[in-house]
Each structure stands twice: as structure tokens, then as C-alpha cells.
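A short worksheet on the structure shown next.
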Amino acid sequence: MAPAPARRLAVSTRLAAWALILVLLWSVAYPNAAVVAGSFAHGLGYWRAFIESPADREALWTSVWISVVSVVAACAIGVPLAFLLARREFPGRRALRAVATLPAALPPLVGVVAFIFLYGESGVITRAVQAVLHRETPPWSLSGAWAIIFVHAYTLYVYVFLFISAGLENYDSALDEAAAGLGAGRVRRLVRITLPLLMPALAAAMLLVFMASLGSFTAPYIFGGGLRVLATQIVTTRLNGAVGVSYVETTVLALSAVVALVLFRWLERRRQYVLPSKGGGRPARRRFRSPALRLAVAPLAAAIVLVLVLPHLMVILVAFARDGAWTTQILPPVYTLDNFRRLATDPAFLSPVRNSVAMTLLATTANVIVCTAVAILIVLRRFAGRGLLAALAALPWAVPATAIAIGLASTFNRTDLPTARILLIGTFWILPLAYFIRGVPLVTSAVESSLRQMDASLEDAARGLGANAWLVLRRVILPAARPGLVAGATLAAITAVGEFVASVVLYTHANRPISIDILAQMRDFAFGSAAAESTLLIAIVFLFTLAARERARA
Amino acid sequence: MAGAGSLALRGITRRFGDTVAVDGVCLEIAEGELLAIVGASGSGKTTTLRIAGGYEPADAGSVLLDGEDITLRPPQHRNFGMVFQQYALFPHLSVENNVAFGLEARGVARPERLSRARAVLATVGLAGAGPRTVQSLSGGEQQRVAIARALVIEPRVLLLDEPLSNLDPTLRETMREELRALFRHQRLTALFVTHDQADAFAIADRVAVMRLGCVLQVGTPDALYATPACRAVAAFVGRATLVPAQAEGGLAAVTIGGIARRVRVATPDGAPLTGAVFAVLRPEALSLSPADAGEPDTWPGIVRSLRFAGAAYAYHVGLADGTDVEVAAPERVAAEGDRVRVGIIREPVAVVGD
């Protein structure tokens, strides 16, 4: 049976659709278009300057190769880990499974701060190794390309792990059994059957890692050393006053992201199969046969768990360290509750927290309203602007946060009604707008996927029973949208509350978010205060997740 | 609320791009009548049903309820019950809240709508299932809930889209009888579509056969079977072998492999048919006799296969000119590979033009 055709629109719905398209054109497309237009303001002059600048060429090249290596590293960790947890039974499996996605729960700046505490020049691990080796100098320095790749691998392998795990979850063991019955050995089954079938999931995960690495700002910004990557180069160029060239850099960064998007989507689609319905179910987890592996796997699992949990533990530990007391010791020597006390009483500490929470609530509320309406229109209605609306809602996903921020900074820097510009730079409103834009694709796609699972005839059924548009929305569509809405809104809120990349370009002193304050504390070597704020951020993220779980269950 | 109404479709047409899904369909359903639309998938039957319910706009034609034009009236103002193919039960509502939804939409207070929902659930054999979740029900139970939900609003017309297609064969037989009894008892006007003629024959008063967006014939099940209007209906309704024949003056000469047999013919409403036609040979109108019996006006052939089908054996016999006919014989009169003779034992024989 063909799916029930989407409905033609009532006049009021059509008006709403075009109002939404206008809102997204203005907030999402216009700033990006303004950047592209700005890059051509002197004809090809800025572009020539970009091409002729060795620094810019180096930045582009470095961005690309670091992203490629990050993808390889993330796959090298994520794929084996997914297979290990899905297919094998061993002591410590549950613990490992529980913490395997933990790095994703770390706001980007907090992750970087934790890495400094652990592996930086005076980090705990660094000093411990130095002491064990009896060296005068630290055994490594956490800076440059490999440090960035290290952070990327740690935080981004989670995408690969989750996608491959989901693929293995849906994988029908009857396929493996059929191949085995035809005489294929374990390696052949893996290479010829399992991996090809997991290719779409892997391609999708690789795309996510590549895009995140390409747009990655925090790690290169904090410990890139002298290394230039596009995302940081944009900000540097802009601070140096070469605004035109920064537009070119922004355009190039966004274009690279779009090229990667098209490339990986092609790879993903070329290898899309419809898996047969479940015959054999998921294969049972087996123990390792070799005694040596059996002995080795438990300590190995314990080590991985430790590595994954350490950043969180370290941030929390340092949050109890007295500022300034931790100098040459391996671990902070003096512990105190002062940092948290100050956090609770000192208005200078309190205001960034208040700012972040307020701006997050504002942006996420706007996301919930706008994105639910957009997703309903995209999935359940058919009208002339539908493709445009879907593209607008997905656009911020393809554009790195730095590029979004530069677009906003260059568009809303003055009020000029004929060109639809409003002065927002320097006001409270610019950051909530940036957070809103970054949340649009997250919330829209989550609600979309929930609505796509809804049986299209439910709406017909409700209308046939006499329900008006409002009742259909309230009793049929919104309940169907709800799981995606909760998940998407949580994700958007988590992203917004720890947001750093757009914030560092756009913040003003009055609406300074937590992440900017953490950076300021780090610059003052007030590690304890920075860690206390980071701990608070982790706690807020944890609370959001918990609340979402409750809402989803209710 | 008014009881069952009469429904009329006048010249309904619906295009999707270049394809005409429904092409000038006219149907009249009297008050209290059960009409089935049968047809293969893609014949336009579901689109016709959706237009009748207001779920799909018609490009041309009109829908009349008790003579009033309701073509442009949206579904929520038609007061038709609809049972969807996949039932479309609201997954987040309990069974009784599903059934009560139509009453909720009509502003009926909660205690009353729940008691009415439970009452209707009882009539479909689901008393006490009200608080259960939709997911905990079996396929057959879900179907009953879908029907209860459509009935509780006291629909002017009940529409059903493939109501039995998701049920297993045994349950399906039972449900046919239950549905017919229920519809009769409630004096409902019902229009339902199905690709299974057995469903249509078992439930409906009259059956409309659709193909390529057009209604080929509307009639009672026995009329469709005895006097199909065209080859497509003859082939779709029941089993038959179509054999070329020459008709003239109420008789036809059925010629196979040079041997002609004259038979009385039947056409819809006794309309005269002359010239080259096709005779519709139903399995039960044919007989088998041993090759050496020497019966007159019979055709020699070889038994290609036989199958026990409950009430009779179904034989496939290859005749001299290559025609393959299906013959129903009450007993096992021949074996595979036997030479036999096939004769016509029941007249009149239906003939169709093209």
C-alpha cells in the first residue's frame, strides 16, 4: 500500500509555513549568505589574499589532515570496542558498556580542561610518568597536532561506537549462519558479510567525526600551540582586522564541511541495504576461547574504563583543590570546599551560571516551538516550500559553529531595517540566537524521526472521528512527536549550556556564559575555580539528561 | 444523531500526476446496504474509499449523503466511521480511550464517553479490555477495537479499508460472519474495499468490481458470478476458463479443436449479444467422463493435474487445441495423465463480449 499522501494545506497552515521559512531564512541562511557575499566584497581580492597567504594554506591543509587522522583514530577505537561489547562476554563488560559513551557527556571546553589536568605539562599522568622514569622534563607536551587528535579521538570515537553498536544490534545472525553454512570462515564472514552491511552506519559515523573535527575549535584554540587550523585562523584573522579575509576563511571552512557532507552521504547511500527481517536474532555473546585472551581481557577492560572515567574524576578532584596550592606535586596537596562555597555565594561566579542557564532555557524553548512546527510541516504536510524548509532546518548542521558565529557577528552588527539587520552584537540576545541556530537541526531531526514512525493514518483516523485541527495536534501529533522532542531538546540544551565555540566570538562581559568564565579562570591559573565550574557544568548536563529520561518515561 | 444514511458517488475522478487513479466512478449505496469494492492493488479502490471519507480530494465528481453534496466537507464534519487497513489505533492511548476519542472530539464528558466506549467494546466481544494497552492486543482484537472506535460515533456511513487483510485465514472466516451480523444488527450503511472476493461475497449485499480506476460492474455476488459484464470481471470473480464462441439469438456455439457445442447463454439483464464472444466456463459447469464413454458434444483431453479441494476435486485438463480448462468433479474419476472427455453440464453459460 502506498503511504497516505500528505495533506494539502489550509490557508492558516500555509501562512505558518511561510512565517517559519522567513524566520529560518533570516536567522539561519542570511548570516551565512552575508559572509559569502562579504568574501566577494572586493571582487576576488580577498580570495586572492587567502590563496597567496602561506598561513591560510597551512591552516586549510592542517584542518583537513587532522580531520582525516581523527576519523581513522575514532574508528580504530570505536569499531573494535563496539564489536567487543556486542559479541563478547567477559568480566567487566557491564562496567565498560556503562562508561563507553561517557566522553560525549563532557562539554567541549571541560574535556579540554580535564586533559590539561591529566596530560598537560603539569598534569597528573604526565608527572607520574616523569617520576617513574626519573626524568628532569615532562615526557611529552600536550600541544600541537597530535594533542588535538588525541582529544578528538577520545571525544569523537563515541559516534563510531554508537553507530556500529546500533548496526550490530539490528544485525541478523541468520546472515552469519547462512554464510557459515556455505563454508565461510570467521574472517571471511567479517570481511564479506558483516563489515559491508555495517558500511552505511560506519559512513554516517565517519561523517559526524569528520565534520566535528573540521569545525573543532576548542582543542586547537587551547593547546594548538603555534599550529594553525581554519577554525582558529578565522578568529585570529578577524581580531587582526582582516575582516574580508576572515570571510573567505569562513566560506572555505563551510564549503569543506559541505563537500565532506556530500561525499559521505554518497558513500552511505551507495551501500544501503534493506536488512532481512529478523530470523536468527542477535548472535549470543561468547567468551574468548584462548586462555591468554581470557586472562588479558579483564585488566584491559579495567584500564579502558579508567581512561574513560579519568577526565570526569580529575575535574571533580581538582574542584576540591585550593587555588594556587598545586604547584609541583603529582596530585593537588590541599583540599577545600572553598571553590564551591564561592560558586554559591560570590555573584561574580554566580552570574555566568545564571547567564548560561537563562540563555539555554530561552534558546531551547524557541527550538521546541519552532522545530516542532517545522518537523510537522516537513513530515506530515506537502506544500511548495517544503524542500526549502527542510534544507534551512538542516543547514546549521553542515556549517561549523565558528562560521555561524562569524556570520552572526557580521550581520547583526548594526540596525538597518531595509536589509533586515538588527543590532544584536553587544546585547544579551546574540548568544541565545546563536544557541537557537545550533539547536535547530538537532531538535528538528529528532522530532522528524519520531513523526516518521507515526502511522500516517492516525491523523486521518482522528479527523474521521470528528477531531478538529487543535485536537489532532494535541492528542495525536504531539504525543507521537514527544520522544524525539524530549531527546532533541535535551541534546540542544546540553549543547547550549556548555557552548564555547560561538560564545567565544560573540559574548559580551554582561552575558558571559560558564564556558568563557572557565577559560578565564584557567588563564589566571585558578584551576580549582575552573574545575568547580566545570563540575557544575557536568552536574547540569547530568540533570538535563536525568530529567529527559524522566519525561520520556512519563 | 441521525442514523445510517445513503451514500452516492457521482463521476468521481482523481489523478496523481499523469496516472488516473480513479476514473469517473459512480456508486449508489442505499441506507442500510453493505457494498464492497473489489479489485486488484492499484485498481483505485482505496482512493475511491478515501474520497468517500473526505481524506482525499476529488479532482472531479461529487459525493452525496442523503442527496446532500458533501464533496468539500472535511472528514471531521462527515460523521463517517473509518476502519483503516493497519487499524491506526493511537499507540499512546488505552483501548477505551481509543474508542472514546470520537466522543472526546464531540465534547462528551469523560464518564459518559468511557461508559459508552465500554458498551461498544462489549458488543464487539471485548468487554473488560478497556484499560489495556493497544500493544497488548492480538491482531484480531486490534481490529475489533478499530471497529468499535468507528461505531461509537454512530456513523452515517461506515468505511472499511481491507478490514480482514491482516488476519490469519481461520480468524478471517469467523470475522466475515461476525462483521456481517454486526452490520446487519446495527443497520449500518457500509462501504468496504478488499482485494479478496471471498470477503466481499461473504459480507456485502452488492459488490462493485474495479479495474484501472473504473467500476466494471456492480451487482449482487450471484449476479456477478452468473452473468459477468466483461472478461475482466469473469476472470476476477470466481474461477473460469474463457473460451471463444459465436453468439446469436440467445444461443452460442462453443468451438474447441473443431468440435462445436451449442449452449443457451446468459448476459447481464438479458442484454442480447451477437457475434464473436467468450464463453465463461465455470469448473462446476463442466463434467469429466472417460475417453471411451463416447459421450456426444464433449472435448477430448488429458488430465494435467488434480488437487483435492474439499468439496470436490479440481482437475486441470489440457484439450486438443491447447486450451487448459479447470473442471470440478465430486469424485476421483481420473488420474494424472488419463485421457478424458470434458462436457458442459450446466446451462445457461455466461458469455462476455470483450
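Chain A is the first sequence line, chain B the second, and so forth, proteins listed ahead of strands; every chain is numbered from 1. If you're wondering where the values come from, they're calculated on a predicted model, not measured in any experiment.
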- [ ] Using a cut-off of 6.0 Å, state whether more than 12 heavy atoms not belonging to B:R15 lie near its atom CZ.
- [x] no
Report yes if the side chains of A:D460 and B:R50 come closer than 4.5 Å at any heavy-atom pair, otherwise no.
yes
Closest heavy-atom pair, A:L458 versus B:P91, reported as atoms and distance to 0.1 Å, is CD1-CD, 3.7 Å
So, the part of A:A480 with a heavy atom under 4.5 Å from chain B: the answer is neither
Q. Are there more than 12 heavy atoms of other residues, nucleotides or ligands under 6.0 Å from atom CZ of B:R113?
A. yes
Applying a strict 4.5 Å limit to non-hydrogen atoms, the region of B:F84 in contact with chain A is side chain
Between B:R149 and A:A461 the two heavy atoms that sit nearest each other are NH2-CB, 3.4 Å
Max heavy-atom pairs within cutoff under 4.5 Å with chain A, candidates B:G102, B:G54, B:A146, B:A150, goes to B:G102
Between A:G464 and B:Y55 the two heavy atoms that sit nearest each other are CA-OH, 3.0 Å
>> Are B:F101 and A:R475 packed together at the side-chain level, in the sense that at least one heavy-atom pair is separated by less than 4.5 angstrom?
In response: yes
Under 4.5 Å to a heavy atom of chain A? For B:L89 that would be backbone
Rounded to the nearest 0.5 Å, the CZ atom of B:F80 sits from the CZ atom of A:R463 at a distance of 13.5 Å
Taking everything shown except B:F192 itself, do over 12 heavy atoms lie less than 6.0 Å from its CZ? yes
Comparing B:R78, B:E104, B:M82 against chain A, the one with the most heavy-atom pairs below 4.5 Å turns out to be B:E104
